[in-house]
Amino acid sequence: MTSVEENTDHTADSGPSGYAAARLRLLQEESRSGPSRRSALAGLTDEWLNALFTTAVRETGVRGATLVAVGGYGRAELSPRSDLDLVLLHDGKAEPQALSALADRLWYPVWDLGLALDHSVRTPGEARRTAAEDLKAHLGLLDARTVAGDAGLLAGLRTSVLADWRNQAAKRLPELHSLCRERAERAGELRFLLEPDLKEARGGLRDATALRAVAASWLADAPREGLAEARRRLLDARDALHLVTGRATDRLSLQEQDQVAARLGLLDADALLREVYEAARVVAYAGDVTWREVGRVLRARAARPRLRGLLGSRGDRVPARAPLAEGVVESDGEAVLALAARPDRDPVLALRFGAAAAQAGLPVSLHAVRRLAAQGKPLPVPWPAEAREQLLTLLGAGEPTVAVWEALEAEGLITRLLPDWERVRCRPQRNPVHTWTVDRHLIETAVRASALTRRVGRPDLLLMAALLHDIGKGWPGDHSVAGETIARDVAARVGFDPHDVAVLGALVRHHLLLIDTATRRDLDDPATVRAVADAVGSVGTLEILHALTEADALATGPAAWSAWRGSLVADLVARVAAVLRGTTPAAGEPEIPTTEQERLAVEALRTGEPVLALQARQEEDAVGVDLVVAVPDQPGVLPAVAGVLALHRLTVRDADLRSMELPDRLGEVLVLSWRVAAEYGALPQAARLRTDLVRALDGSLDVPAKLADREAAYPRRRGVVPPPPRVTVVPDVSALATVLEVRAPDAVGLLHRIGRALESGGVRVRSAHVSTLGANAVDTLYVTTPEGKPLDPADATALAGLVAAALS
């Protein structure tokens, strides 16, 4: 093998043709690639330019000049077809004609070889002034190094340029961030493009260079782990692309991907794209973290003088830490772990952390995520109920889910929680209809599904099906068939019961059924509709499948869904629902009270006051505790009890209210069975709950005012904007009462507001059944007139509107 030094000697003797031959030999060396080849190519080019410079100086008589490499060449990272970025730096003493002659003797040989050249001639003062006016010029000089001539000229300039960069960081870094954002909007997200631009797209080489510039400012530094390797992979891919095409291109076109993959020793184009996507994900994530830190530091610097003026000699205050969930707080605009959090003792903490951050619309602290990855304890299998609910809360948070999920994924937490995720992570989809890779498409589908949760009775199954519907794309064969098996395994792992596991399996297996049938089959053929009904099995599953179909299409890309397609699917769903309802029995009345409920009801009638009992749940993985409250029948019980629970920061996971008549007793008792959990901290004592409940019922405790004060103390965050509540009258369910169904985002005081609306509507609550599924509440309310009769249709519709208005 010919060494670079031997090539260099030949180049110096033979001029441009010798350099060209040596360069060609170097690029053809099979054993040399990656950083070694880029560095050797830069060294070879240095020697050639140094020889040109030495000869030109001798011929022109110019003294006090130096040839400087900037940008990628300055970093000694020359790809086969890279530009040569050069600055001829001089002390200003040479005659203009001599200086021009020197420059011509340098630039023309480069052009003669067909190499791209970016060049300028400046004094150190001119270079510094140009850098002050031109951000890109300033960035290039940060990587400047001497190729030939007087190194002292550059040394002084580099010192000045770096000092300027650090002194002007408060101005320069926001400008650089703006450039990065504009470039991302123009070139797209590298890790989701079928033909990505390795340099310009978000997560590409320019972003990696920007992170070096941020580090040079000393203001912030990018997460180092994996960043250098990611950058190397992108550079290696660009090298191979240059060699395959023979052009200075950064766009990885479809027709060249197999050849580029082969040159890099990869199996095929898919393997190439996945490697490129992985690298881009690392760079993009590092950028997110770094720019967030830059913003935090700049805000802190701007606020510090004002704080000193306000606080005098007391110094800076410690940033406030507002609680978000158990073990999770907000600090300085980020979700961080509480000081007392113990990842090694709390296996649900990672999911609770992610869910709380997404619900609040906050970025997650890099330190916190890395601590969770390093110290977190594995979840038992099947997962405890809290872990499942926190996953659903994270999935239902809408757009903020994406950033939180990617932060957890970047540190390996998602794959640890869901091992099957590894097969779809960064997996390309070779279909122009698809906007995203498989993994991002699944998360985007969950985001879309979160906006449709009011349309289904089981939003938890909708969100989980959205996450899993394409999970089979990591396996050979029909992805729907493979996906059903995987979805069942994952659902069982996450802790769904056997019935829900079967439903999720069916949803994944048939997630394309509605759109394919609606657009390719005759809907007037009864056999078509019957086949879909047989596959789906129930109205509830059909309802979820309809929402999943829309969410999947919307997350695929603009070409996958339209009003026409939506109308076809809706028509099919209506026909199938009619068939299924023909065999589906109506829902029954509430269940018979338990012995414990009867005991408390008797005690409430005896004393004439509320009676309650707090009990730990028997199930090992149960979330929260059971609270049973018995109250002599009177107006305002539901809003009073719900309001007191909200004041004590108790989250209602599910609830059941029923009116009970006891034999040989006068009057009725309302019995409320709740499953509650502390939002954070410890549960309140039962005696304190009872005292506040008595006060709420007699009017001495103004629950609405107290809740309003609490909301005012904790201003609404910019986080999730959930879909609006949906209140409907459910027909043909009960002959004894009017049934309202409320689908709404779970929130503090939700049941309190529902109860107050019902009270203002002058109705009596016969029974209520409350379920909280992740971040969604699905409440069914059986109401009657004060005389105990169902409402007439007009009054029922008006009541539904009243409740909806109270929740808006």
Side-chain angles (χ1 to χ4, degrees), residues 64 66 68-77 85-92 118 120-146 150-184 205-224 227 231 283 286-311 315-317 319 332-334 366:
T66 183
V68 175
V70 298
Y73 183 28
R75 295 188 295 273
E77 291 177 341
D85 293 336
L86 296 169
V87 177
L88 179 58
L89 209 61
H90 64 97
D91 59 10
D118 188 356
S120 60
V121 180
R122 294 190 175 103
T123 65
E126 290 169 342
R128 187 179 181 186
R129 286 192 295 274
T130 300
E133 298 168 358
D134 185 341
L135 177 60
K136 293 180 180 179
H138 206 159
L139 291 171
L141 286 172
L142 294 177
D143 291 313
R145 65 179 179 85
T146 299
D150 182 3
L153 277 177
L154 177 60
L157 176 61
R158 271 186 58 84
T159 300
S160 300
V161 165
L162 274 171
D164 291 343
W165 183 249
R166 288 160 186 159
N167 292 335
Q168 299 167 12
K171 174 193 172 191
R172 282 307 206 185
L173 292 186
E175 289 178 5
L176 178 57
H177 191 198
S178 180
L179 275 181
C180 292
R181 289 197 305 269
E182 290 171 7
R183 183 168 23 83
L205 291 168
R206 282 214 188 274
D207 278 346
T209 301
L211 294 179
R212 289 169 55 92
V214 175
S217 74
W218 291 352
L219 198 69
D221 197 6
R224 298 276 179 163
L227 185 57
R231 187 166 172 274
V283 174
D288 290 342
V289 172
T290 302
W291 289 118
R292 193 163 67 242
E293 178 65 10
V294 166
R296 187 192 65 78
V297 172
L298 292 180
R299 286 192 301 273
R301 284 186 176 183
R304 199 169 294 137
R306 295 196 301 271
L307 275 174
R308 288 198 185 101
L310 290 170
L311 302 176
D316 295 345
R317 287 176 177 166
D332 200 16
E334 287 185 328
L366 174 63

Shortest non-hydrogen contact between [X] and [Y], atoms and distance:
| X | Y | value |
| --- | --- | --- |
| Leu153 | Gly64 | CD1-O, 3.4 Å |
| Thr146 | Ala151 | OG1-CA, 3.8 Å |
| Ala144 | Val70 | CB-CG1, 3.9 Å |
| Leu211 | Val283 | CD1-O, 4.1 Å |
| Ala170 | Leu298 | CA-CD2, 3.7 Å |
| Ala169 | Ser217 | CB-CB, 4.2 Å |

Check the pair Glu293 / Leu366 against side-chain contact (heavy atoms from CB on, under 4.5 Å), numbers first and verdict last.
CA-CA 10 Å; Glu293 178 65 10; Leu366 174 63; over 6 Å; no
Tell me, do [X] and [Y] make a side-chain contact under 4.5 Å, heavy atoms counted?
| X | Y | answer |
| --- | --- | --- |
| Leu154 | Pro124 | no |
| Leu139 | Thr209 | no |
| Thr123 | His90 | yes |
| His177 | Val214 | no |
| Arg231 | Leu227 | no |

Going by the rule side-chain hydrogen bond (donor to acceptor under 3.5 Å, both in side chains), which residues pair with Asp164 if we only count those two or more places apart in sequence or in a different chain?
Arg128
Is a side-chain N or O of Arg172 found less than 3.5 angstrom from the main chain of Ala132, in a donor-acceptor match?
yes
Taking the side chain from Arg166 and the backbone from Leu219, do they hold a donor-acceptor pair closer than 3.5 Å?
no
Applying side-chain contact (heavy atoms from CB on, under 4.5 Å), run through Arg212 and Leu142 and close with a yes or a no.
CA-CA 9 Å; Arg212 289 169 55 92; Leu142 294 177; over 6 Å; no
In Å, rounded to the nearest 0.5 Å, how long is the span from CD of Gln168 to CD of Glu175?
9.0 Å
Just how far is it from atom CG of Leu86 to atom CG of Asp118, taken to the nearest 0.5 Å?
8.5 Å
Please state whether the rings of Trp165 and His138 are parallel, tilted or perpendicular, taking 30° and 60° as the class boundaries.
perpendicular
Begin with the C-alpha distance, continue with both residues' side-chain angles, and end with the deciding distance and a verdict on side-chain contact (heavy atoms from CB on, under 4.5 Å) for Trp218 and Leu162.
CA-CA 10 Å; Trp218 291 352; Leu162 274 171; over 6 Å; no
Could you tell me whether Arg299 and Asp332 have a side-chain N and a carboxylate O separated by less than 4.0 Å?
no
Does a salt bridge link Glu334 with Arg292, judged by any charged N lying under 4.0 Å from a carboxylate O?
yes
Within the 3.5 Å criterion, strictly below it, is a donor on Arg122 or Thr130 matched to an acceptor on the partner's side chain?
yes
